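Since the structure comes first, as structure tokens, the remarks are kept for the end.
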Amino acid sequence: MTARTVGARGGILRRVKRRLSLLVTALAMMAGPVPEAVRAATEKPQERVALYTTTAVLDGNGRQTPISVAMMARGPLFSIRTAVEQLGGTLRVGPLGQSHAVELDGTEFLFGPGSSAITVGQEILELPQEPVGGPLGLHVPLELLEAIYSEVGGLRFIWSPGERRLVVTRAGAESLPVTVDVVHLKGVSTLVLQFPRRPRHRVDSTFPGRAIVHILGDRITPPPTLPRLDEGYLRDIRFGAQEITLALASGAAAESYELTDPYRLVFDIFPGAAPKAAAPGLPPPPRRARIPTIVIDPGHGGSDLGAQSADGLLEKEIALRLARILRTKLQARLPMRVVLTRDEDADLPLETRAAIANQLKAELFISLHLNASFGSSAHGAETYFLSLEASDERAQLAADAANIGSNPRANPLSDLELILWDMAQSQHLARSQHLATLIQEELNEALDLHDRGVKQAPFVVLNGAAMPAVLVEFGFLSNPEEVRLLRDPAYQNELADAIARAFVRYRPAGNRPELEGGEVPE
Amino acid sequence: MTRHHGIFFVAVFVLIGMLATVAWLYRTGRFSAPRPESIGEPKEPVDGAVRLYFPGADGRLHEELRALDASGGSVELTERLVASLIAGPDTEGLFAPLPASTTVGSVFLASDGTLYLDLMSTEHPVPPVSGSQREILAAYSVINSVCGNVPGVRGVALLWNGEQRTTFAGNLDTTRPLGPNRRLVSSG
């Protein structure tokens, strides 16, 4: 999975943090004269605060409904609750009011205040501005409504600020030609449906012996000819105006995934286990697979080069290379989903990296970096977990809130709640330290590296991770000998191997094998 | 007046005199309770010297005693301390924590003990990005030196060219004040 940008990005957490710090500054200023730089820092526009709130008209589905709008410096935000009530779908809000999920036609969109990232299935989208909470519930940018309702519901939005009217129209159905290819290799039948672009669709595999692709909005143009289906586990393909039905061989099961450039929807069909018989009179409980997730964060990226060696080796490049190798190794060893926060050379705000892991409900978060220091002699690897030294007052605030049983939902956008979210990592420090220790042990043992030990620091990228989270510095780009090693693919392979072994050894509290796949009732 | 009354008045007079003397010693700084040896607590100058903390190649901060004019208030002292750090160490093998082009823009000590320190550099619009060790040593070189020498400073909020930044140089959280870090200081 990669992070995709919908528009210009921002970082509300960064601004909230700045606002809190500047609030302290402002209070302190009452005591005496103020230097110019401090005054300038405090006079920045408060982008998180609405310029004003108003009521507009949501004009869609043949009805006109009032909708709350928060006018921000960077554009309007609309009430997600009203939008879902009028346009369809189900809105679920997490216990702290942070996690919001809209489910529409089987597709789930995860988002929340203070994060410009949306998770859609396995894809991360980036909004031009973050949703903001308030007494009237979460307000979201138009791009989020478009992501939900254009992608799945086939709706288009036109915002007229002068008239304060949000017009919703249904996009016309377009012809969608599809080509079909089938191969049967090594006991697996693979069906490839190729489209000129990614169609709005969902895959329904709830009926035994069948898999159905529902096309949303557009109309299918079937291929003139179909491949022969004499062998393998695919018995038939049928095309409707808006659905493609695959008939599977008896006992076979299908798994689907997507490929891009060109867009293809692929089904792997293989002989599956016979379904267990349900108890008489009772329908089998619906279950969904819970796939454990590790998020790997290659440090820096895009315009942020990170450290660099004297001869030009860049931290952002080696971090990405190591992340890709580690992903391959983890996927080979553990039954889990491994997600990179960035799979290309792209800018990605620090807060977004942890937000991606949070939205995927990842079990573990690891940020990969290369070090640099003064002089050229420093060498070796070190592993960090978060230090709360810099934020004792904030940690105390969180503890106080927990002790008095405060209900952050009473004011969904209170600074307190944002602080609690921002300090999510404080709940996982013991497990983070455990993971950091395992990683450091493996790096030391495998590579006979100089043991720089497990350390703590107030690193931004670890702050908001709501799961055990560590940051690994693999070596020093300021040391020519380590630069030579870090360039070597074999050495990179050994580094990734060491990390993978640490993940295999890792067990959460209570010795429950956290990283093993399982199923949980819905 | 009886003889007992006379002794009583003399004793009271002596006691008042002793209390006044102690109060004067405290007020003039000639007498103070012993302080624990830790960064973060202002230390008594050693013959007018201040303690500066410079990064070493070993990933530690190393203490250097310097004779520095300690007159003036917290602003003037901070400016002189940071200027000395930028000028670099006397000890071979240690490093200046900040680029030579850095200057102190402005300093403000808030009543909660947070010192706002605005570092300026026309050569570097943003702090030069580096590895985390270099970043940590650079930041805490300044923070430890200021907290350890300027009375009343509990933490330092670092600004760069007038901006309060998310990180100092790519990793370290500078959205809030940072207190001194003893563990980085070399014991050797």
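Here is how names work: the chains are called A, B, and so on, in the same order as the sequence lines, proteins then strands, and each is numbered from 1. Quick caveat: nothing in here was measured; it's all calculated off a predicted structure.
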At a 4.5 Å cut-off on heavy atoms, which part of [X] comes close to chain A: side chain, backbone, both, or neither?
X        : result
B:Ala139 : neither
B:Ile136 : side chain
B:Ala169 : neither

Identify the heavy atoms of [X] and [Y] that sit nearest to each other, and give their distance.
X        : Y        : answer
A:Tyr384 : B:Ser132 : CE1-OG, 4.1 Å
A:Val460 : B:Thr167 : CG2-CG2, 3.6 Å
A:Leu350 : B:Gly170 : CD1-O, 3.8 Å
B:Tyr140 : A:Pro458 : OH-CG, 4.0 Å

Given a strict heavy-atom distance threshold of 4.5 Å, which part of [X] is in contact with chain B: side chain, backbone, both, or neither?
X        : answer
A:His300 : side chain
A:Leu370 : backbone
A:Glu382 : side chain
A:Asn371 : both

Kindly compute the distance separating [atom1] ([X]) from [atom2] ([Y]), expressed to the nearest 0.5 Å.
X        : Y        : atom1 : atom2 : answer
A:Gln456 : B:Asn181 : CD    : CG    : 10.0 Å
B:Asp58  : A:Ser377 : CG    : OG    : 8.0 Å
A:Glu473 : B:Asn171 : CD    : CG    : 6.5 Å
A:Phe459 : B:Leu172 : CZ    : CG    : 6.5 Å

message = Tell me which of these, A:Gly299, A:Gly306, A:Ser478, has more heavy-atom pairs under 4.5 Å with chain B than the rest.
response =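 Most heavy-atom pairs under 4.5 Å with chain B: A:Gly306.
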task = Under 4.5 Å, counting heavy-atom pairs only, tell me which of A:Ala307, A:Ser367, A:Ser373 racks up the most with chain B.
result =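 Heavy-atom pair counts peak at A:Ser373.
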